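Heads up: the structure comes next, in structure tokens.
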Amino acid sequence: MITTNIDKARDVLNQGKLVAIPTETVYGLAGNAFNETAINAIFSLKNRPKNNPLIVHIKSLEYLEMVASHIPEKAKLLAEKFWPGPLTMVLPKKPEISDLITAGKDTVAVRMPNHDLTLALLNQLDFPLVAPSANPFGSISPTSADHVMHYFEKELDVILEGGECKIGIESTIIGFEEDEVVVYRLGTLPLDEIEALVGPVKLKNVNNINPQAPGMQERHYAPNKQSYLTDKVDHFLTINSLNNVGVIAFQSEILSPRISQQIVLSPNGELKEASRNLYKAMHELDLSSVDCIVFETFPLVGLGLTINDKLKRATTQKQ
Ligand code: TXA
Ligand code: MG
């Protein structure tokens with residue numbers, strides 16, 4: 001059920017069961033990070049391959065020391081500046097962190113989410129929460145409690161209602177390799193803000209098909225409907241003779257009789273607003289009666305690059 005009652009969520013988590021939690025990025029499917037039954041339940045509910053490690057969500061910097069065996073100076077600076085917030089850091093793990101969480105790696109991904117309700121819940125627990133996005137593996141991430149309910153209504157006793165996610169795109173993931181800051185997944189946190197604090201960062205595997213992080217997987221964030229990405233929607237519809245099309249446009253409405261439904265993500269052309277609205281628009285058109293979804297390419301700058309990368313994965317054809 002959908003509720004704002006964190007006592008209920010706490011009780012369910014204390015029993016080793018799962019709860020959906022709101023964060024500023026996307027909703028997470030959360031369980032006790034120190035309970036292997038809960039961790040296994042996350043993988044099986046999501047149908048997620050066991051070689052895809054999970055993110056540990058903490059409430060305070062003291063918890064970071066319980067999770068990570070070494071915290072580089074640069075990581076401390078970044079934590080102080082950006083936490084709570086949409087930054088995940090990959091650090092050497094403490095032995096207490098299960099290999100199930102890290103997929104056998106000796107590193108663990110950690111972040112402090114920026115959502116009052118979830119921070120209040122974490123404050124009532126004496127363990128951190130592991131939480132991947134609360135969607136079946138490969139499908140569109142949830143940015144509202146309703147999206148989670150649509151996926152897991154039967155399986156979850158508690159979906160915490162925290163409103164629509166303020167950022168709406170997954171966190172930026174970075175790691176430290178020989179004191180170099182390495183970016184594994186692009187998010188909404190601008191890389192120049194990270195660089196201003198810790199110097200140049202290196203992108204690694206960010207566009208790789210054989211990824212270190214599964215958010216990097218070829219087909220991901222994907223609607224069930226056939227989906228396409230193009231920078232010239234009208235022309236694309238004509239040359240491909242597509243009809244009854246759902247369009248997700250960036251700034252301006254596209255006029256074409258072939259379009260039956262259209263969502264304009266940001267009439268003012270703001271990348272942040274468009275990103276926040278993206279997954280919601282994808283859910284909406286995927287559940288509508290259109291035959292296919294056509295995405296307009298985002299502008300090729302800043303956050304637009306992150307989003308285009310996700311749109312490429314979302315529109316990769318099924319194998
Ligand atoms: O914004 C977010 O990060 C959301 C919310 C719920 O916090 N969570 C999220 O989790 O996106 P998930 O499981 O969908 O993606 C976690 C990513 C995966 O791509 C995984 O490979 C990467 O984190 N990851 C986890 N542990 C890692 C590690 N030790 N090394 C490298 N990547 C890691
Ligand atoms: Mg995910």
Side-chain angles (χ1 to χ4, degrees), residues 18-31 33 39 42-43 45-58 67-69 82-94 97-115 118-119 121-122 128-144 147-148 151 159-160 162 165-177 182-189 204-206 208 210-222 275-276 279 306 309-310 313-314:
L18 309 183
V19 163
I21 54 166
T23 84
E24 78 282 31
T25 59
V26 299
Y27 274 70
L29 182 63
I39 302 167
I42 291 175
F43 280 97
L45 187 53
K46 271 185 70 92
N47 199 14
R48 176 178 174 119
K50 283 267 167 72
N51 63 0
N52 280 343
L54 304 175
I55 297 175
V56 176
H57 293 66
I58 58 172
V67 172
S69 62
F82 295 115
W83 281 356
L87 176 70
T88 295
M89 293 199 275
V90 174
L91 299 169
K93 81 175 189 76
K94 275 266 167 80
I97 297 296
S98 164
D99 285 339
L100 282 174
I101 294 178
T102 65
K105 290 173 186 282
D106 52 14
T107 53
V108 60
V110 196
R111 90 175 187 100
M112 195 187 293
N114 189 12
H115 193 292
T118 291
L119 287 171
L121 172 64
L122 282 166
L129 292 171
V130 266
S133 51
N135 52 296
F137 184 68
S139 62
I140 311 166
S141 302
T143 54
S144 72
H147 293 159
V148 182
Y151 287 135
I159 298 169
L160 262 192
C165 298
K166 293 212 167 77
I167 290 181
I169 296 287
E170 286 85 349
S171 61
T172 303
I173 304 182
I174 63 165
F176 303 86
E177 296 184 8
V182 180
V183 179
Y184 301 128
R185 181 174 74 182
L186 296 169
T188 52
L189 196 62
K204 188 167 180 189
N205 285 340
V206 163
N208 200 325
N210 241 335
Q212 171 136 6
M216 307 285 99
Q217 214 102 10
E218 183 69 331
R219 184 180 155 85
H220 214 85
Y221 315 105
S275 315
R276 180 166 63 240
Y279 289 153
T306 302
D309 183 62
K310 290 192 193 291
R313 297 172 207 283

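Source: prediction; values computed, not measured. Counting starts at 1 for both ligands and their atoms, following the listed order.
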> Would you say T107 and ligand 1 have an N/O pair spaced under 3.5 Å apart?
Replying inline: yes
> Mind checking whether S171 has an N or O less than 3.5 Å away from an N or O of ligand 1?
Replying inline: yes
> Is N135 close enough that one of its N/O/S atoms sits under 2.8 Å from the Mg ion (ligand 2)?
Replying inline: no
> Taking distance alone, with no angle check, do T102 and ligand 1 share an N/O pair under 3.5 Å?
Replying inline: no
>> If the cut-off is 4.0 Å to any non-hydrogen atom of K105, which atoms of ligand 1 fall inside it?
In response: 28 (C), 29 (N), 30 (N)
> Any idea which of H115, M112, R185, M89 brings a heavy atom closest to atom 15 (O) of ligand 1?
Replying inline: R185
> Which of the atoms of ligand 1 are close to P132, meaning less than 4.0 Å from one of its heavy atoms?
Replying inline: 10 (O), 12 (P), 13 (O)
> Does V90 come within less than 4.0 Å of ligand 1, judged by its heavy atoms?
Replying inline: yes
> Going by heavy atoms in the side chains, are I55 and R111 under 4.5 Å from each other?
Replying inline: yes
> What's the spacing between S171 OG and N114 CG if we round to 0.5 Å?
Replying inline: 12.5 Å
>> Distance under 4.0 Å to a non-hydrogen atom of T25: what atoms of ligand 1 satisfy this?
In response: 1 (O), 2 (C), 4 (C), 5 (C)
> Relative to atom 17 (C) of ligand 1, which among L91, I21, I173 owns the nearest non-hydrogen atom?
Replying inline: I173
> Numbering the atoms of ligand 1 from 1, which are under 4.0 Å from a heavy atom of H57?
Replying inline: 5 (C), 6 (C), 7 (O)
> Is any side-chain heavy atom of T102 closer than 4.5 Å to a side-chain heavy atom of T107?
Replying inline: no
> T25 versus C165: any side-chain heavy-atom pair under 4.5 Å?
Replying inline: no
>> Run the side-chain hydrogen bond (donor to acceptor under 3.5 Å, both in side chains) test on E170 and S133 for me, step by step, so that the C-alpha distance in whole Å, both residues' side-chain angles and the decisive distance to 0.1 Å come before the verdict.
In response: CA-CA 8 Å; E170 286 85 349; S133 51; 4.6 Å; no
>> Exactly one of T118, L29, V148 should register a side chain to side chain contact (heavy atoms under 4.5 Å, CB included) with I21. Which one does?
In response: T118
>> Would you compute the distance between atom CG of N135 and atom OH of Y279 and round it to the nearest 0.5 angstrom?
In response: 8.5 Å
>> I need the atoms of ligand 1 closer than 4.0 Å to a non-hydrogen atom of R48, numbered in the order shown.
In response: 12 (P), 13 (O), 14 (O)
>> Closer than 4.0 Å to some heavy atom of G28 - which atoms of ligand 1 meet that?
In response: 6 (C)
> Would you say R111 has any N or O atom under 3.5 Å from an N or O of ligand 1, going by distance alone?
Replying inline: yes
> Considering only heavy atoms from C-beta outward, does the side chain of Y27 approach that of T143 to under 4.5 Å?
Replying inline: no
>> Using 0.5 Å steps for rounding, measure from the CD1 atom of I174 to the OG1 atom of T88.
In response: 9.0 Å
> What atoms of ligand 1 come closer than 4.0 angstrom to any heavy atom of E170?
Replying inline: 1 (O), 11 (O)
>> Please tell me whether H220 and F137 form a close aromatic pair, meaning their ring centres lie under 6.0 Å apart.
In response: yes
